[in-house]
Amino acid sequence: MIRWDLASVGNPEAGPRHRGSRPVRPRLSAGVIPYRTGPGGSCEIFWIRRSKSLRFMGGWNAFPGGRASPADASVEVRGTMDGEQAFLDSGQLAAQPTCAMRELFEEAGILAAVGPVPDRSDLEAARMELLAERLDFGKWLEDRGLAVDASRLRFAGRWVTPPISPIRFDATFFLLEWPLSEPSQPNVIPGELDCGGWIRPADALDRWLAGDVLLAQPTLETLRVLAEHGPDGRNHLWLSESHQPNSPRSIEFRPAVRAIPLQTRTLPPATHTNTLLLGGRDLVLIDPGASDGESLRRLREIVDKEARRGGGQLRGIWLSHHHIDHVAGAEAMRRRYSVPVSAHSATAARLEGRGMRIDGRLKGGETVELAGTPRLRVRIIHTPGHASGHLCFLEERSGTLLCGDMLSGWGTVVINPPDGSMDDYLRSLERLEALGSRAALPSHGSMFHDPAKALRDARRHRLWREDRVMAAWESGQRAPASMLLPVYGDLDPVLRPIAARQLLAHLERLERTGRIDSLPDGILADIGRAEGPQL
């Protein structure tokens, strides 16, 4: 469990502070899927790759799109889109077509408007001003006698980012035919986007299956529908489960690697833990951490659906470690499917002490093959630090690291002595970096496209914090309560008990490495060497 955002406290390079325990409210957005009949007669779509520097989905392939602006509501729109009733039934705002067209013009350089077509130089200048956030899109259209042409659009569904992410969007998607005969063709100006190009949906899916690209669920599902049905199959997208934005659903981050965000008894600011479902014919469930009946019912539905799809069944349940937000639903799922529950021996000892049976032991170093299409090969890795029995799982085919609580999309991983060890955690981060994985999926948050950087950043942050602890010590601070301010700055009172546990972990490491002398017993009296809050 890693929900306290201590990464930002006192760190000028870190992200936002603790924001409470409610899911982040999604921001309204819209996107466009340009399509055409390619030179060979098959359907092609225009997709883009987002810059790796972007905080949200950096390095992922997607469709042109972005956030809605209040000014979108005042832009003139003419014509009626294909699928307008389905769009209205989706509950989205009427201004979404304008948002989609504005973002399409900014990111791909094509303008679908009613009225006299501006010359190329005018279009290029306006696009550059839009990219620089200096252009009033509505006024620019009005001055040229133009209006957004909604008749060019086909409604293609609504998707809401699940609550695993600290950045969420409520996005409406539209299809837009843009034939080869159009005088201007889409192009990308490097910046927020790296590149863009036309591709057949089937070829895009092949690249995803090969592990060459990262795709969000809306992009993946859209490509699947277009590959099977073409643009006239857009009504299949209207039935998306995203119309129930708070309902748990399966997110296939990599082929046969699915995350199911479930609300759990975890620490804020996040509210959910990723339960993972691996495989096709042979399925393995990792960390069923939900305990409420509705979440477990939905989890069973997803497991059953994927078992039917792959023509197989659930073979077992694996636990990354013993914390309650990773294990609370394990017994219910074991009873439902009559499958063994396996964990590291240190995890088993703790859980069996609570009365939970663990059937199998995972030492680390094993490799398990899961039959199906694709066939998965999963290496089990023992990574103590956050917990002494913590395990990670490397899906070797796609190079996807299922890193549990070694990384977090929300903040800093809590190291809680005595079961947690800062020394072990730092060594485990180094071992994971050496694996050379291509993507990492944590238990809390979305996928990291650059695992090596994320692991290095986590280690660098810990050492940066350790230097602050050492500086406080050298300045004469000895009691952890008095060290909190110089080490963490102006700390939210609700975070102090967890921050104190981090101080203890750092002090114990500093003592073991000889940077400070042996710690007198009284120094840690206000923290205690006994294990602190259950995480």
Side-chain angles (χ1 to χ4, degrees), residues 1 248-251 256-266 272-364 366-372 376 378-382 386-393 395 402 404-405 419 441 443-444 534-535:
M1 188 178 295
R249 54 188 172 86
S250 174
I251 307 166
V257 178
R258 307 167 189 85
I260 305 151
L262 298 176
Q263 194 159 12
T264 57
R265 291 167 54 195
T266 190
H272 291 63
T273 302
N274 290 331
T275 292
L276 304 178
L277 185 62
L278 305 185
R281 190 162 72 246
D282 293 339
L283 294 169
V284 170
L285 194 66
I286 300 177
D287 287 356
S291 57
D292 69 282
E294 177 57 26
S295 291
L296 289 173
R297 181 195 66 79
R298 182 67 182 129
L299 178 58
R300 291 192 298 269
E301 283 185 357
I302 292 171
V303 171
D304 292 344
K305 175 182 176 181
E306 296 303 334
R308 289 193 299 271
R309 186 201 304 265
Q313 62 184 9
L314 188 67
R315 301 294 185 183
I317 297 170
W318 297 346
L319 304 178
S320 67
H321 61 294
H322 68 278
H323 291 158
I324 190 66
D325 60 330
H326 294 256
V327 306
E331 187 58 40
M333 296 301 284
R334 182 224 305 275
R335 290 196 303 267
R336 168 66 175 80
Y337 292 99
S338 300
V339 295
V341 177
S342 301
H344 188 271
S345 57
T347 298
R350 283 180 165 268
L351 294 177
E352 288 174 341
R354 301 179 197 168
M356 180 177 172
R357 188 178 91 243
I358 302 297
D359 307 290
R361 300 294 186 268
L362 301 171
K363 297 184 301 182
E366 309 97 315
T367 299
V368 178
E369 293 197 359
L370 300 176
L376 301 189
V378 184
R379 191 194 320 172
I380 299 166
I381 306 158
H382 182 213
H386 175 64
S388 58
H390 192 282
L391 297 172
C392 292
F393 309 93
E395 199 289 287
L402 311 176
D405 279 0
D419 188 57
L441 180 59
S443 291
H444 308 288
Q534 281 296 313
L535 300 178

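Partners of Glu395 under the side-chain hydrogen bond (donor to acceptor under 3.5 Å, both in side chains) rule, at least two apart in sequence or in another chain, are Ser398. Take Ala307 and apply the side-chain contact (heavy atoms from CB on, under 4.5 Å) test, not counting sequence neighbours, and it matches Leu283.
The CZ atom of Arg258 sits 10.0 Å away from atom CD1 of Ile302, with the distance rounded to the nearest 0.5 Å. Put simply, CD1 on Ile286 and NE2 on His326 are 12.0 Å apart, with the number rounded to the nearest 0.5 Å. To the nearest 0.5 Å, the span separating CG on Leu262 from CG on Leu296 amounts to 7.5 Å. Interatomic distance, CG of Asp282 versus CD of Gln313, reported as 8.0 Å (0.5 Å rounding). From His386, atom NE2 reaches atom OG of Ser443 across 8.5 Å, with rounding to the nearest 0.5 Å. The distance from atom CZ of Arg315 to atom CG of Leu370, rounded to the nearest 0.5 Å, is 10.0 Å.
Between the side chains of Ser320 and Asp287, at least one donor N or O lies within less than 3.5 Å of an accepting N or O. In this structure, a donor-acceptor pair under 3.5 Å is absent between the side chains of His323 and Asp405.
Side chain of Asp359 to main chain of Ser342: no donor-acceptor pair is present (N/O by atom type, distance under 3.5 Å, no hydrogens or angles). At least one donor-acceptor pair under 3.5 Å links the side chain of Glu366 to the backbone N or O of Lys363. Ser388 contributes no side-chain N or O that, together with a main-chain N or O of Ala346, makes up a donor-acceptor pair within less than 3.5 Å. The closest donor-acceptor contact from the side chain of Arg379 to the backbone of Cys392 lies at 3.5 Å or more, if one exists at all.
The side-chain contact (heavy atoms from CB on, under 4.5 Å) with Leu285 is formed by just one residue from the set Leu278, Val341, Val339, Leu299; it is Leu299.
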query = Which is it for His390 and His344 under the ring-ring contact (aromatic ring centres under 6.0 Å, His included) test, yes or no, and what are the steps along the way?
reply = CA-CA 7 Å; His390 192 282; His344 188 271; over 10 Å; no
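Under the 4.5 Å side-chain criterion, counting only non-hydrogen atoms from C-beta, Glu369 is not in contact with Val378. Two residues are said to be in side-chain contact when any heavy atoms from C-beta on lie closer than 4.5 Å; Trp318 and Val368 meet this criterion. Counting only heavy atoms from C-beta outward, the side chains of Ile260 and Leu277 approach each other to under 4.5 Å. Leu441 has its side chain within reach of Asn274: a pair of non-hydrogen atoms, C-beta onward, lies under 4.5 Å apart. With contacts defined as side-chain heavy-atom distances shorter than 4.5 Å, the pair Val303/Arg298 does not qualify. In this structure, Pro261 and Ile251 have side chains that are in contact, with non-hydrogen atoms separated by less than 4.5 Å.
Under the 4.0 Å criterion applied to side-chain N and carboxylate O atoms, Asp325 and Arg265 are not assigned as salt-bridge partners. Here Asp304 pairs with Arg336 in a salt bridge; the nearest charged N to carboxylate O distance falls below 4.0 Å. In summary, Arg361 and Glu352 engage in a salt bridge, as defined by a charged side-chain N under 4.0 Å from a carboxylate O. By the 4.0 Å N-to-carboxylate-O rule, Lys305 lies too far from Glu301 to be salt-bridged with it.
Taking a 6.0 Å sphere around CZ of Arg281, one finds it holds 12 or fewer heavy atoms contributed by other residues, nucleotides or ligands.
Heavy-atom minimum distance, Ser291 versus Ala328: CB-CB, 3.9 Å. Between Ala387 and His321 the shortest heavy-atom distance is CB-CB, 4.0 Å. Pairing each heavy atom of Thr264 with each of Ala290, the nearest pair is CG2-N, 3.8 Å. Of all heavy-atom pairs between Leu376 and Ala256, the closest is CD1-O, 3.6 Å.
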